[in-house]
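Order of the sequence lines fixes the chain letters, A, B, ..., with proteins taken first and strands second; residue numbering starts at 1 for each chain. Note that these values count all heavy atoms, side chains included, but never hydrogens, waters or copies made by symmetry.
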Number of protein chains: 2
Amino acid sequence: MTQDGRRLRGLRSREAILEQAVGLASVEGLDGLSLGRLATATGTSKSGFFAHWRDKEQLQLDAVDWAGRQWAERVVAPAMKAPAGVRRLFALHEARLRFYGEAVLPGGCFFFTVQAEFDDRPGAVRDRVARAMREWQEFIRRQVAQAMALGELAESVDVAQLAYEIDALGEMVIIHSRLHDGPASLVHARRAVLQRLRALCPDPTLLPED
Amino acid sequence: MTQDGRRLRGLRSREAILEQAVGLASVEGLDGLSLGRLATATGTSKSGFFAHWRDKEQLQLDAVDWAGRQWAERVVAPAMKAPAGVRRLFALHEARLRFYGEAVLPGGCFFFTVQAEFDDRPGAVRDRVARAMREWQEFIRRQVAQAMALGELAESVDVAQLAYEIDALGEMVIIHSRLHDGPASLVHARRAVLQRLRALCPDPTLLPED
DNA sequence: TACATTAACGACCGATCGTTTGTATATCTG
DNA sequence: CAGATATACAAACGATCGGTCGTTAATGTA
């Protein structure tokens, strides 16, 4: 298993295809994305895909995983550098907004598009997406709980409730920024969470003023 | 223009088709919805559509209008019965959650699905959807401004900011309730807005406690 | 009554969909 | 080196897509 030559080339093009697939799917969805257009975008042939994946659904499942890894690297990892507690919680929110603002994906957010697409459609893809989103929300809840354990959030805080609000305010940026106000919604989403955390934090100086 | 017989039958089936189209589109989107499946669902033939609409896009535009009227009747109108101010603002939020909770549309919310579908796709449908959503958000902002004018909200409130938060918390219910926690997200969304309004209202007794 | 309009249909069009098949070739394994 | 494996392709499959055409019958208008 020297993993080079033919094997390595296979892995490389596999990754390249998945990257393109995630980008395109962030715009038109995982089902809206057709193999023909994906082939054109990657400069390959439709039939070549079936050397890597049994059918379209397998490719979709791998695309979900790839997008999850990208999110972990570009959003979660940078935020984890901040000290645990409300600062890390807010860093997480800011990292997400930065990911959107920098237009890393042409459609803004892969998971948002795919959630809206599959939330009513049973199947393996929906299950995989749901699991990823559950893990993400569980992760936010852990950060909230940790901040509370550190005494950086009022004891009256409902963990699930606050986690829900932070996630909702972040996710809605996608729709609002693309359909109308553009960067203004980024500002709204940032301030909404910042003010909320400052109001609940016994030591507001841990967070920026505005 | 006696408006009966042939003419009336045309209007009736037109409305029936649009109702089906909005329901189906709330699940699979306006483009995801195919004319063949719409024909099956309405018990008519594909080609019959072209007696009512020039092409698929015209049907999509009318579907957007139809969904807007439904929203006005089933969400806005009931809320307007509440007295102006924070009570009407919260009634609006509750009416929306009721609309979702009662599953009036099989996909939960037509506009949510269609926004996610068209936010990156230029064209007449996108413009129509964007206009409808702008009007909706402008409407929420007017309710916030009115509540402030009535002295029912602290003067420090940023109108656009609060309106954004209320809308975001309401809209995110669709994804969360369908993909994982079900009715729990309805509770979260209700409490989030209720607590926010109570905190900003000089006379919290105007609003329910929980 | 005579004529135009309208709703609705079945049959069919070219394009595209996801997928299968067969083939050529480069790379690994023994 | 020999033989299995993996990458990638062109060509073609049946199904479905949005849309056109010609027709039929009921209704509206004169």
**Pairs flagged by ring-ring contact (aromatic ring centres under 6.0 Å, His included) wherever residues 62-97 of chain B is involved - sequence neighbours left out** = B:Trp71-B:Phe99, B:Trp71-B:Trp136

**Prompt:** Is a side-chain N or O of B:Glu152 found less than 3.5 angstrom from the main chain of B:Val86, in a donor-acceptor match?
**Reply:** yes

**Message:** OP1 or OP2 of D:dT16 versus the side-chain N and O atoms of B:Arg37: is any pair under 4.0 Å?
**Reply:** no

**Request:** Output every pair passing salt bridge (Lys or Arg N to Asp or Glu O under 4.0 Å) with a member in residues 42-60 of chain B, not counting sequence neighbours, ordered by first then second residue.
**Result:** none

**Request:** Tell me which residues in residues 26-34 of chain B put a heavy atom below 4.0 Å from DNA chain D, sorted by number, or none.
**Result:** B:Leu33, B:Ser34

**Fill in**
Rounded to whole Å, the CG-P distance (B:Leu11 to C:dT6) equals 12 Å

**Prompt:** What do you reckon, is CD of B:Glu19 surrounded by more than 12 foreign heavy atoms closer than 6.0 Å?
**Reply:** no

**Partners passing side-chain contact (heavy atoms from CB on, under 4.5 Å) against B:Ser26 (at least two apart in sequence or in another chain)** = B:Leu105, B:Pro106, B:Phe110

**Asked** Are the ring centres of B:Phe111 and B:Tyr100 closer than 6.0 Å?
**Response** no

**Request:** Find the distance B:Leu8:CG to C:dA8:P and express it as a whole number of Å.
**Result:** 11 Å

**Whole-Å gap separating P (D:dC17) and CG (B:Leu35)** = 8 Å

**Distance in angstrom units between A:Arg14 CZ and D:dA8 C1', rounded** = 16 Å

**Prompt:** Looking at residues at least two apart in the chain, or sitting in another chain, which of them share a side-chain hydrogen bond (donor to acceptor under 3.5 Å, both in side chains) with A:Asp31?
**Reply:** A:Gln60, A:Arg121

**Rounded distance in Å - CG (B:Asp55) to P (D:dG19)** = 5 Å

**Asked** What is the distance, rounded to the nearest whole Å, between atom CG of B:Leu59 and atom P of D:dG18?
**Response** 11 Å

**Steps toward side chain to side chain donor-acceptor pair (under 3.5 Å) verdict (B:Asp167, A:His176)** = CA-CA 10 Å; B:Asp167 189 37; A:His176 283 92; 3.3 Å; yes

**Item:** Between P of D:dG18 and CD of B:Gln58, the distance in whole Å
**Value:** 15 Å

**Item:** A:Glu117 (side chain) donor-acceptor with A:Leu30 (main chain) under 3.5 angstrom
**Value:** yes

**Any residue of residues 38-53 of chain B with a heavy atom less than 4.0 Å from an atom of DNA chain D** = B:Lys46, B:Ser47, B:Phe50

**Request:** Rounded to the nearest angstrom, tell me the gap between atom CD in B:Gln60 and atom C1' in D:dG18.
**Result:** 11 Å

